[in-house]
Amino acid sequence: YRAVQFNTGLAAEKTGRWIEAVELYGDLLAGPSDEDERVTFRFRLVECTVQAGLWKDAREHIGWLLRRADTTAVDRFELLVTRAWVDASDGNPDKAKAELRRLVGQYRFDRGRTYGARQGAKAWFHLGEVHRLQAEQSPLDHVDDPTLARKELNDKAVHILEAQEAYLQTVRIGDREWIPRAGWRLGGLYEQFREDILRSPFPAEVLSDEDGQIYREILSEQTAVLLLKARTVYQKVLGKAAEVSMHDEWVVRIREALDELERELTEQGLAADI
């Protein structure tokens, strides 16, 4: 019965039913089990609680695994990366960035003696994720105050550039698992930046619906380059995926994002632009 319950938990994970998986693994953890099984359940619970946004529970399971003397250096590294992402998601991005930069430095210093491409890519990717999160949370509200508007735009742009560099570093490392994830996020980063600009408030001098439509059309034309940048990223990552026969869910997401982007570019008469 326990084996069936564990396999049911794995099936729930594969279909994104994270709460169900948490409950299944939690029941297994609460029942009789040997030490190796408990470690396995904890690792699965780390993945599922993070995906479900259960930050307190995620910290508990990560902490339990980190306190074990037999947790390998590689597993410890990855757990620390995950804990940093939990911190960022739970409202402490500065703490997360400091930890992820430390881990990136540790990976570089290691030079492949202990950590592989997967560990380096995971650290860089999540550093990009923290900056992406901060970029999304940076407002563009004060369009009528040049000083504040410049500061808001600069703050958002800094996070976008930092995220961009982290995602590019992820791709450069060349780990098959993380290349498509970083590519999908990088293309989405440009698309989201454009959306944030287009959804920003109208300036005070925009007094009518007609003026508003003209203003949005101008912004749309001026920010179209961001769509072209996103398309380039998606195309390059899909090309790389074809070279090494990658066909995971992230490649599917990129292909879907590219198809939708091509439709939007066609509507704007930019489909042939490079």
Side-chain angles (χ1 to χ4, degrees), residues 16 18 46-59 62 80-104 121-171 178 180-204 215-216 219-220 222-227 229-230 233-234 250 253-254 257 260-261 264:
W18 304 110
V46 168
E47 174 68 18
C48 296
T49 52
V50 169
Q51 294 291 344
L54 303 174
W55 312 127
K56 181 180 178 181
D57 292 340
R59 283 196 187 90
I62 292 169
L80 290 172
V81 171
T82 302
R83 187 174 68 179
W85 174 240
V86 168
D87 287 336
S89 302
D90 199 26
N92 201 338
D94 291 334
K95 178 182 178 182
K97 284 189 296 186
E99 175 68 348
L100 288 166
R101 285 170 181 150
R102 183 188 72 80
L103 291 167
V104 164
K122 182 173 182 176
W124 273 113
F125 176 83
H126 282 86
L127 182 57
E129 288 288 86
V130 177
H131 280 291
R132 177 188 61 81
L133 190 64
Q134 289 187 290
E136 290 179 354
Q137 294 171 349
S138 297
L140 295 176
D141 294 336
H142 296 85
V143 293
D144 289 315
D145 185 322
T147 301
L148 282 176
R150 193 177 303 112
K151 181 181 184 306
E152 287 179 343
L153 187 60
N154 182 70
D155 288 345
K156 184 180 284 287
V158 166
H159 289 306
I160 288 172
L161 290 173
E162 292 283 0
Q164 171 185 270
E165 178 58 23
Y167 291 140
L168 288 174
Q169 288 286 0
T170 305
V171 172
W178 293 97
R181 295 191 191 194
W184 183 66
R185 282 302 201 194
L186 181 55
L189 190 72
Y190 299 138
E191 292 192 77
Q192 185 61 52
F193 188 27
R194 181 172 185 266
E195 282 298 309
D196 290 344
I197 293 173
L198 293 179
R199 292 175 180 174
S200 60
F202 288 126
Y215 176 76
R216 288 284 185 249
L219 278 185
S220 180
Q222 291 179 340
T223 57
V225 65
L226 293 169
L227 296 181
K229 287 171 70 70
V233 170
Y234 293 148
W250 300 97
R253 291 186 187 188
I254 292 174
E260 185 174 340
L261 186 55
E264 184 172 357

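Bear in mind the structure is a predicted one, so any value in this text is a computation, not a measurement.
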Excluding sequence neighbours, so at least two apart, what forms side-chain hydrogen bond (donor to acceptor under 3.5 Å, both in side chains) with [X]?
{"X": "Glu162", "answer": "none"}
{"X": "Arg253", "answer": "Glu249"}
{"X": "Asp145", "answer": "none"}
{"X": "Glu195", "answer": "Arg199"}

Partner residues of Phe125 under the ring pair (Phe, Tyr, Trp, His ring centres under 6.0 Å) criterion, sequence neighbours left out: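 Counting only residues at least two positions away or on another chain, Phe125 forms a ring pair (Phe, Tyr, Trp, His ring centres under 6.0 Å) with Tyr167, Trp178.
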Ring pair (Phe, Tyr, Trp, His ring centres under 6.0 Å) partners of Trp250, counting only residues at least two apart: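 Ring pair (Phe, Tyr, Trp, His ring centres under 6.0 Å) check on Trp250 returns Trp184.
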Worked check of side-chain contact (heavy atoms from CB on, under 4.5 Å) between Tyr234 and Glu191: CA-CA 12 Å; Tyr234 293 148; Glu191 292 192 77; 2.8 Å; yes
Could you list the residues that satisfy side chain to side chain contact (heavy atoms under 4.5 Å, CB included) with [X], not counting sequence neighbours?
{"X": "Glu260", "result": "Arg263"}
{"X": "Ala96", "result": "Ala84, Asp87, Ala88, Val130"}
{"X": "Asp144", "result": "Pro203, Ala204, Glu205"}
{"X": "Asp94", "result": "Lys97, Gln134"}

Identify the two heavy atoms, one from [X] and one from [Y], that lie closest to each other, and give their separation to 0.1 Å.
{"X": "Ala182", "Y": "Val171", "result": "CB-CG2, 3.8 Å"}
{"X": "Leu100", "Y": "Ala123", "result": "CD2-O, 4.0 Å"}
{"X": "Ile254", "Y": "Pro180", "result": "CD1-O, 3.3 Å"}
{"X": "Lys156", "Y": "Ser138", "result": "NZ-O, 2.8 Å"}
{"X": "Ile197", "Y": "Ser200", "result": "O-OG, 2.6 Å"}
{"X": "Trp18", "Y": "Ala52", "result": "CB-CB, 3.9 Å"}

Hey, does the side chain of [X] reach the backbone of [Y] with a donor-acceptor pair shorter than 3.5 angstrom?
{"X": "Ser89", "Y": "Val86", "value": "no"}
{"X": "Glu152", "Y": "Asp141", "value": "yes"}
{"X": "Arg194", "Y": "Ser220", "value": "yes"}

Can you tell me how far the [atom1] atom of [X] sits from the [atom2] atom of [Y], to the nearest 0.5 Å?
{"X": "Leu198", "Y": "Leu226", "atom1": "CG", "atom2": "CG", "answer": "9.0 Å"}
{"X": "Leu186", "Y": "Glu165", "atom1": "CG", "atom2": "CD", "answer": "10.5 Å"}
{"X": "Leu148", "Y": "Leu140", "atom1": "CG", "atom2": "CG", "answer": "12.0 Å"}
{"X": "Asp155", "Y": "Gln137", "atom1": "CG", "atom2": "CD", "answer": "13.0 Å"}

Derivation and outcome, side-chain contact (heavy atoms from CB on, under 4.5 Å), residues Trp124 and Val104: CA-CA 7 Å; Trp124 273 113; Val104 164; 3.2 Å; yes
Worked check of side-chain contact (heavy atoms from CB on, under 4.5 Å) between Arg59 and Asp90: CA-CA 11 Å; Arg59 283 196 187 90; Asp90 199 26; 3.1 Å; yes
Criterion side-chain hydrogen bond (donor to acceptor under 3.5 Å, both in side chains) against Thr82, the qualifying member of His126, Lys122, Glu47: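 For Thr82, the side-chain hydrogen bond (donor to acceptor under 3.5 Å, both in side chains) check succeeds only for Lys122.
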Flag for Lys56-Thr49: side-chain donor and acceptor within less than 3.5 Å: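 Distance-only check fails for Thr49 and Lys56.
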Residue pairs passing the salt bridge (charged side-chain N to carboxylate O under 4.0 Å, His left out) test where at least one lies in residues 125-135, sequence neighbours excluded: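 Matches after skipping sequence neighbours: Glu129-Arg132, Glu129-Arg185, Arg132-Glu136.
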Stepwise side-chain contact (heavy atoms from CB on, under 4.5 Å) test for Gln164 and Leu168: CA-CA 6 Å; Gln164 171 185 270; Leu168 288 174; 3.9 Å; yes
Residue pairs passing the ring-ring contact (aromatic ring centres under 6.0 Å, His included) test where at least one lies in residues 145-164, sequence neighbours excluded: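 Matches after skipping sequence neighbours: His131-His159.
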